[in-house]
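Read through the structure below, which is laid out as structure tokens, and then see the notes.
The shown structure was predicted, so the numbers you read here are calculated from the model rather than taken from an experiment.
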Amino acid sequence: MKTVIIGGVAGGASAAARLRRLDESAEIIILERGEYVSFANCGLPYYIGGAITEKQKLTLQTPESFWARFRIHVRVNSEGVQIDPTAKTVTVKNVKTGETDTESYDYLILSPGAEPVRPNIPGADGDMVFTLRNIPDMLKIKEYMETARPASAVVIGGGYIGVEMAENLREAGLQVAIVELADHLIAPLDYDMAADVHRYIKSKGIGLYLNNGVKAIEGHRVVLENGEIPTDMVILSVGVRPETGLAQQCGIKTNPRGSIVVDAQMRTNLPGIYAVGDAVEVEDFITKTPAFIPLAGPANKQGRIAADHIGGLPCEYTGTQGSAVLKLFDMTVATTGLNEKSAKAKGIAYDKTYIYSGSHAAYYPGGTNMSIKALWDKETHKILGAQIVGFDGVDKRMDVIAAAIRFGAKITDLAQLELCYAPPFGSAKDPVNMLGFVAENIITGKIKQFFWHDVESLPRDGSVTLLDVRTAAEVSQGKIDGFTNIPLDSLRERIQEIPKDRPVYVHCHSGLRSYIACRILLGKGYECFNLAGGWRLYESVLHERTVPEYSCIECK
């Protein structure tokens, strides 16, 4: 049996290694257009920023190591340029000499990946404009930084790679600005959860230009729809698209985006041909609808599944839920599943809540709070998605929630999880448990919620009571107009000041004390609504809507 794999990196390399472990006698050939067959593309920004100092550490496997350990033949600088599915051959071009030859196959696995989108704007092909996909791209950027000595950079696009590049360019000593067409960074986040990210990234000296497009790159300036930014280099990071021209030429089915359509065993519509990685259409694990979610973890799993099916093992790819984590200086941002925008787009009836909990026991030094948002299906109560923004312990909590989603858990099931606890690592009531407790209170009717986006529309005519139960010291630092302050610990003594014939909308700093206030009021016969996420979330979102972005002068 002979298997030819076009493309290495995550999916192709994983498939090759798995095939060898399943069949010692199989002939396995990897065709790689570039010079590097297996590298850590997620680590590329950190070499540019200096956190990774040895290029060799990014090269996970070489043609020599593949042969020594797995007896897999790797042909680098070899591009598959034509597939003949009837003859079961691939025409291969040597990218250095231009010469061609053919490789026959019994099975073919396509792992071409996705390529950076280069927007059609004037100047996007300039010498100081770069994209980042592979090691040669990384080395070009690094060489430019060492020879041209740029003092500033503009990153166009505020997704994961764009934000990572902005961080690492800043760590390398450059003045950096990010331009993003949307109203917030990191698309899997909702705007309210991105607000903390915006404030933090600006505190690190990175300028943000949101709701703004790029008209042109002219010399050493980026011309925006609104304004311009002087700069010495530009990083294009506006997304990726599946690189599937070769597949389309031979009749492999693709969707309108260009992604290769595969079944649960990673088979294309042509016999003997599989496809894996960023080039394929996946099924969204939550909605069960087609999706494009290019991530390294799923690509590795898909490579393994294709190899298993070729090897005769039962296997099935069960979908991608989009679990991802981002380091931003000391901050951690993590997401899984659906956000509000995607849930609304799919017509899903959902509920949501927020908590603001410590990374470990409050009395143990060094703890920080994390902001957690979760969505769940109103009918089934199954968890739809979650977002966490914080510092220590964010990845740990998100991994728990992502696993719970994968196993079909309800949001209330989180309350029952028995998680590891010691003061340096967590709390006896872990933030994940707290998320379940809060959702359980909402679902069982122990508390009603209102949200930051409801605050402005609340009547100020006396038909409802607006109550702030923070301390006087907290109120002095900022307040919501129209809310009367009665600190929680004085509420029982002053409850007669609150009319009983109208609803009470109450808030505290994070939502915990106001929940206690609501339980007191409910026990006394009041109707009460709690501000989910509290003043902290409201102020964070409001701050981002009212504070102007960095000017060009500040960015320079």
Side-chain angles (χ1 to χ4, degrees), residues 45 116-117 119 121 123-124 129 131-132 152-170 174-217 221-231 233-240 324 326-329 331-335 339-342 344-345 371 373 387-390 451-453 456 533 536-556:
V117 173
I121 57 175
V129 182
T131 59
L132 181 63
S152 59
V154 170
V155 178
I156 301 175
Y160 282 105
I161 296 298
V163 170
E164 287 173 348
M165 278 301 301
E167 173 202 5
N168 281 280
L169 290 168
R170 185 69 179 140
L174 280 70
Q175 291 295 318
V176 182
I178 301 175
V179 180
E180 170 55 52
L181 192 59
D183 64 355
H184 68 280
L185 299 177
I186 310 171
L189 290 178
D190 289 315
Y191 180 87
D192 48 20
M193 294 296 285
D196 279 352
V197 179
H198 297 167
R199 177 178 287 187
Y200 179 75
I201 200 170
K202 286 189 286 188
S203 77
K204 293 295 186 178
I206 294 176
L208 291 185
Y209 292 78
L210 304 174
N211 283 312
N212 215 335
V214 176
K215 293 172 62 176
I217 302 169
R221 66 188 186 121
V222 176
V223 182
L224 307 178
E225 297 289 346
N226 181 21
E228 63 179 54
I229 313 171
T231 188
M233 67 181 297
V234 176
I235 304 294
L236 295 177
S237 184
V238 295
V240 297
L326 168 73
K327 172 191 174 296
L328 177 59
F329 299 101
M331 177 177 271
T332 305
V333 180
T335 63
N339 58 18
E340 286 199 68
K341 181 180 179 180
S342 53
K344 288 175 182 176
S371 182
K373 177 179 183 177
Q387 303 160 46
I388 309 180
V389 177
F451 301 100
W452 62 266
H453 46 76
E456 290 182 9
R536 195 212 68 80
L537 178 66
Y538 171 82
E539 189 278 333
S540 178
V541 176
L542 189 69
H543 177 90
E544 282 306 305
R545 287 186 163 184
T546 57
V547 174
E549 309 297 351
Y550 282 9
S551 70
C552 299
I553 294 174
E554 288 170 311
C555 284
K556 184 62 177 176

Nearest heavy-atom contact between Y209 and L224 is CD2-CD1, 3.7 Å

Output the distance between atom CG (N168) and atom CG (L132), rounded to the nearest 0.5 Å.
10.0 Å

For P116 and V240, work out which heavy atoms get closest and say how close.
CA-CG1, 4.0 Å

Mind listing the closest non-hydrogen atom pair of M165 and P45 along with its distance?
SD-CB, 3.9 Å

Does I201 reach the side chain of I178, with side-chain heavy atoms less than 4.5 Å apart?
yes

Looking at K204 and E167, does any basic side-chain N land under 4.0 Å from a carboxylate oxygen?
no

Parallel, tilted or perpendicular for Y191 and H198, by the 30°/60° rule?
perpendicular

Any L236 side-chain heavy atom under 4.5 Å of P119 side chain
yes

Indicate yes or no: at least one non-hydrogen side-chain atom of Y160 is less than 4.5 angstrom from one of P188.
yes

For R170, all residues meeting side-chain hydrogen bond (donor to acceptor under 3.5 Å, both in side chains), sequence neighbours excluded
none

Calculate, to the nearest 0.5 Å, the distance between atoms OG1 and CZ belonging to T231 and R221 respectively.
12.5 Å

Just do the side-chain contact (heavy atoms from CB on, under 4.5 Å) check on V155 and I206 with the steps written out, would you?
CA-CA 10 Å; V155 178; I206 294 176; over 6 Å; no

For D190, check side-chain hydrogen bond (donor to acceptor under 3.5 Å, both in side chains) against everything at least two apart and list the hits.
K373, Q387

Are the side chain of S203 and the backbone N or O of Y200 linked by a donor-acceptor pair below 3.5 Å?
yes

Trace of the side-chain contact (heavy atoms from CB on, under 4.5 Å) decision for V389 with M331
CA-CA 7 Å; V389 177; M331 177 177 271; 3.8 Å; yes

Side chains of E164 and L326: does their closest heavy-atom pair fall under 4.5 Å?
yes

Any chance you could measure M193, atom CE, to L537, atom CG, to the nearest 0.5 Å?
7.5 Å

State, to 0.1 Å, how close S237 and G162 come at their nearest heavy-atom pair, and which atoms those are.
OG-N, 3.1 Å

Who pairs with N339 by side-chain hydrogen bond (donor to acceptor under 3.5 Å, both in side chains), at least two apart in sequence or on another chain?
S342

Check whether more than 12 heavy atoms from other residues, nucleotides or ligands sit under 6.0 Å from atom NZ of K215, and answer yes or no.
no

Heavy atoms only: give me the nearest L189-T335 pair and the separation to one decimal.
CD2-CG2, 3.7 Å

Derivation of the side-chain contact (heavy atoms from CB on, under 4.5 Å) call for L185 and L210
CA-CA 8 Å; L185 299 177; L210 304 174; 4.1 Å; yes

Please determine whether side-chain contact (heavy atoms from CB on, under 4.5 Å) holds for the pair D196 and R536, giving the CA-CA distance in whole Å, both sets of side-chain angles, and the decisive distance to 0.1 Å.
CA-CA 10 Å; D196 279 352; R536 195 212 68 80; 3.0 Å; yes

Donor-acceptor pair, distance only, cut-off 3.5 Å: does the side chain of N212 make one with the backbone of N226?
yes

Kindly indicate whether the side chain of I156, heavy atoms from C-beta on, has any atom under 4.5 Å from the side chain of I217.
yes

